[in-house]
Visitor: 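Can you keep this structure in mind? I'll have questions shortly.
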Number of protein chains: 2
Amino acid sequence: MSKNKDTVVSLSKHKIACKDCSLFQICLPVGINGEELERLEQIIQRRRPVKRGDHLYHGGEPFRSIYAVRSGSVKSYVPTKNGNEQVTGFHLPGELLGLDAINNKMHSCSAKALETTSVCEIPYDEFELLSNELPVLHRQLIMLMSKEIFEEETHTLLLGKKSAEERLAAYLFSISSRYHRRGFSASEFYLSMSRNDIGNYLGLAVETVSRMFTRFQEEGLLSVERKHIVIHDLERLKMMTGAVPGKGGEQFFCLRSS
Amino acid sequence: MSKNKDTVVSLSKHKIACKDCSLFQICLPVGINGEELERLEQIIQRRRPVKRGDHLYHGGEPFRSIYAVRSGSVKSYVPTKNGNEQVTGFHLPGELLGLDAINNKMHSCSAKALETTSVCEIPYDEFELLSNELPVLHRQLIMLMSKEIFEEETHTLLLGKKSAEERLAAYLFSISSRYHRRGFSASEFYLSMSRNDIGNYLGLAVETVSRMFTRFQEEGLLSVERKHIVIHDLERLKMMTGAVPGKGGEQFFCLRSS
DNA sequence: AGACAATATTGATATTTGTCACTTTCGTTA
DNA sequence: TAACGAAAGTGACAAATATCAATATTGTCT
């Protein structure tokens, strides 16, 4: 039990059962019955919200837990030799972090909150033990990891060949879809990450990102005011990503929505 | 049990027990005991080698199996609207394919052999059933998927910010390490993929790839003759990738070796 | 509120890479 | 073996983006 008032307030405010969590069907889409869920909940720790700039873990630290974002957002990055960092991903509500560390038993990147963020922490050892009795948990994790691999692939697709315009369009479309899935508006949202982070993630100079936002706005595609984005033509944005597969491919549109 | 002669012949030719397979410790690194292994082997199908250009699966097809490359190499790609394709990955011996399809139950990309290639096929339904009894199988799959996610992240790192030089260097270093791990030379190997595929994967024009190879050769970094590569200075190649993390980071060097 | 630091935007210029056109080499098939 | 088409390499040029420099805006701290 924490001692200061702040924490107590936060805990009481955030102690929500999984089944009442708005992310329930994102975290646990497959059939988990009541008793199984209860046992899972017993090992899940709901951490006090972390402040902007705080770390969930650092690269090189031993791996102990998987995290699920409840609210807020987190960025993953790797520090590089020249004192810079390379951003490897952003994590929005309902998304998991730390999956890349299971195999190494060590975190390969650092995770930093981009804003006040609350997460669920799932201690991996306990999860493993429980999974021996409840194979459905393993199955669920495998599904989520598959989705993660699929999405990384999408990101490869994004960075692979495209122009700055296509990259930023694809990025915005991805963010939009992810917020939408989480129950928020697809056409209006705040970008919690800086232009710097976006450019870094997309392999573009900050200035190029700025210019692209300006161009998009001039073209009437969207309105942008710092971090506040309103997309006026989502369909055109999607087209601009250039990621629509060819013949017979409409059924597996690959610039994913979730 | 298969019925037609063709299959029987192939099976007899390629029926090698997992424990005798040179990829054993790559596929199944953790402790699986004899009986468990035997039961796993019963569901693994060793397919007759596929010829260069043949597909293991196409994007949009229902997902049925995971594949492990035994020998040869495979490329994954997504067809795009303009009739081109976007290469999303290469798979060398000891590596798995199809993990991205578990969640969707549908393949999101196509997989094509770059040369004569033999694979093990693991029907996923049967794997799931068996895993209910042997949780170690699930655990192993999760480890392998974690590794996959880690490597995708590495690829993000590769494409994120780097110049053409850094990209090609990182690519060659990755291929080198993966061959090395499989027991081949780290400094001399054949690139089974075309310049076109490499360029596509790295987000570079074919001509740029060619020019970079030429430059690398002029600099004495390597010798290249079409697909045959000899690397003269692996250490310098590694440095050129620019992926060395900063302070205290040597322990989690992120441009991975496997 | 004021001041400072961080972030974002804009413009001018340099560099890199892509595109186009052509040549060479290789591999396959007749 | 010859001939063809595909893949690879090279050069000239154009286009896209990075870099550098300056300014504007925002957020934060006192």
Side-chain angles (χ1 to χ4, degrees), chain A residues 51-54 75 82-87 112-116 158-172 190-219 222-229 240 242, chain B residues 51-53 75 82-87 112 114-116 158-172 190-219 222-229 240 242:
Chain A
K51 289 196 307 292
R52 172 193 161 101
D54 285 351
K75 90 171 169 187
N82 37 14
N84 298 345
E85 49 186 54
Q86 170 66 48
V87 176
K112 179 154 81 170
L114 290 168
E115 58 195 309
T116 302
L158 187 164
L159 288 184
K161 206 186 185 55
K162 298 173 174 51
S163 65
E165 178 176 299
E166 286 173 310
R167 287 188 189 189
L168 187 60
Y171 178 73
L172 291 174
Y190 281 87
L191 288 176
S192 56
M193 61 295 293
S194 69
R195 298 285 191 270
N196 231 310
D197 286 339
I198 296 174
N200 189 305
Y201 181 62
L202 297 180
L204 300 171
V206 198
E207 293 93 332
T208 305
V209 175
S210 255
R211 275 185 258 267
M212 286 300 143
F213 270 120
T214 306
R215 189 201 289 180
F216 285 174
Q217 180 154 257
E218 282 167 0
E219 289 172 352
L222 48 76
S223 298
V224 51
E225 209 189 313
R226 293 280 157 155
K227 295 185 181 323
H228 183 215
I229 308 284
M240 285 173 64
Chain B
K51 288 195 308 293
R52 173 194 160 101
K75 91 171 169 189
N82 36 14
N84 297 346
E85 50 185 52
Q86 171 66 49
V87 176
K112 180 154 82 169
L114 291 169
E115 59 194 310
T116 302
L158 186 164
L159 288 185
K161 205 186 186 58
K162 299 173 174 54
S163 65
E165 178 175 299
E166 285 172 310
R167 288 189 189 189
L168 187 58
Y171 179 72
L172 291 174
Y190 281 87
L191 290 175
S192 56
M193 59 297 288
S194 68
R195 299 285 191 270
N196 230 310
D197 287 338
I198 296 173
N200 189 303
Y201 182 63
L202 297 180
L204 299 172
V206 198
E207 294 92 332
T208 305
V209 175
S210 258
R211 276 186 258 268
M212 285 301 144
F213 270 121
T214 305
R215 189 202 286 179
F216 285 175
Q217 180 155 256
E218 282 167 0
E219 289 172 352
L222 48 75
S223 298
V224 50
E225 207 188 316
R226 294 282 158 153
K227 296 185 180 321
H228 183 216
I229 309 283
M240 285 173 64

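Scope of the values below: all heavy atoms of this structure, side chains included, with no hydrogens, waters or symmetry mates. Numbers restart at 1 for each chain; the letters A, B, ... are given by sequence-line order, proteins then strands. Note that the structure is predicted; figures quoted are calculated from it, not measured.
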Visitor: Is the Lys NZ or Arg CZ of B/Arg226 less than 6.0 Å from the centre of B/Tyr190's six-membered ring, within 45° of the axis?
Guide: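 No, B/Arg226 does not sit over the ring of B/Tyr190.
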
Visitor: Rounded to the nearest Å, what distance is computed from the CZ atom of residue A/Arg226 to the P atom of nucleotide D/dT28?
Guide: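 After rounding, the reported distance stands at 12 Å.
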
Visitor: Could you tell me whether B/Ser210 contacts a base, only the sugar-phosphate backbone, or nothing, with contacts defined as non-hydrogen atoms closer than 4.0 Å?
Guide: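 Result for B/Ser210 = base.
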
Visitor: Does the Lys NZ or Arg CZ of B/Arg167 fall within the cation-pi geometry relative to B/Tyr201 - under 6.0 Å from the ring centre and within 45° of the axis?
Guide: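 The answer is no, since B/Arg167 fails at least one limit relative to B/Tyr201.
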
Visitor: Taking only N and O in the side chain of A/Thr214, is any of them less than 4.0 Å away from OP1 or OP2 of C/dT10?
Guide: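 Answer yes for this pair, as a side-chain N or O of A/Thr214 is under 4.0 Å from OP1 or OP2.
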
Visitor: Quick one: do B/Glu115 and B/Lys227 make a salt bridge, cutoff under 4.0 Å?
Guide: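 Salt bridge flag = no for B/Lys227 with B/Glu115.
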
Visitor: Evaluate side-chain contact (heavy atoms from CB on, under 4.5 Å) for A/Val224 paired with A/Phe216, printing each intermediate quantity in order.
Guide: CA-CA 9 Å; A/Val224 51; A/Phe216 285 174; over 6 Å; no

Visitor: State, to the nearest 10°, the angle formed by the axis through the first five base pairs of the helix from C/dA1-D/dT30 to C/dA30-D/dT1 and the axis through its last five.
Guide: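 One end axis against the other gives 50°.
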
Visitor: OP1 or OP2 of D/dA18 versus the side-chain N and O atoms of A/Thr208: is any pair under 4.0 Å?
Guide: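 Looking at the OP1 and OP2 atoms of D/dA18, one of them is under 4.0 Å from a side-chain N or O of A/Thr208.
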
Visitor: Hey, is the side chain of A/Lys227 poking within less than 4.0 Å of OP1 or OP2 on C/dA8, counting only N and O atoms?
Guide: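 It does, given that an N or O in the side chain of A/Lys227 lies less than 4.0 Å from OP1 or OP2 of C/dA8.
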
Visitor: Return yes if some donor-acceptor pair links the side-chain N/O of A/Arg215 with the main-chain N/O of A/Ser210 below 3.5 Å, else return no.
Guide: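 A pair under 3.5 Å: no.
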
Visitor: Flag the pair A/Asp54 and A/Lys112 as a salt bridge only when some basic side-chain nitrogen lies within less than 4.0 angstrom of an acidic carboxylate oxygen.
Guide: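 Salt bridge: no.
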
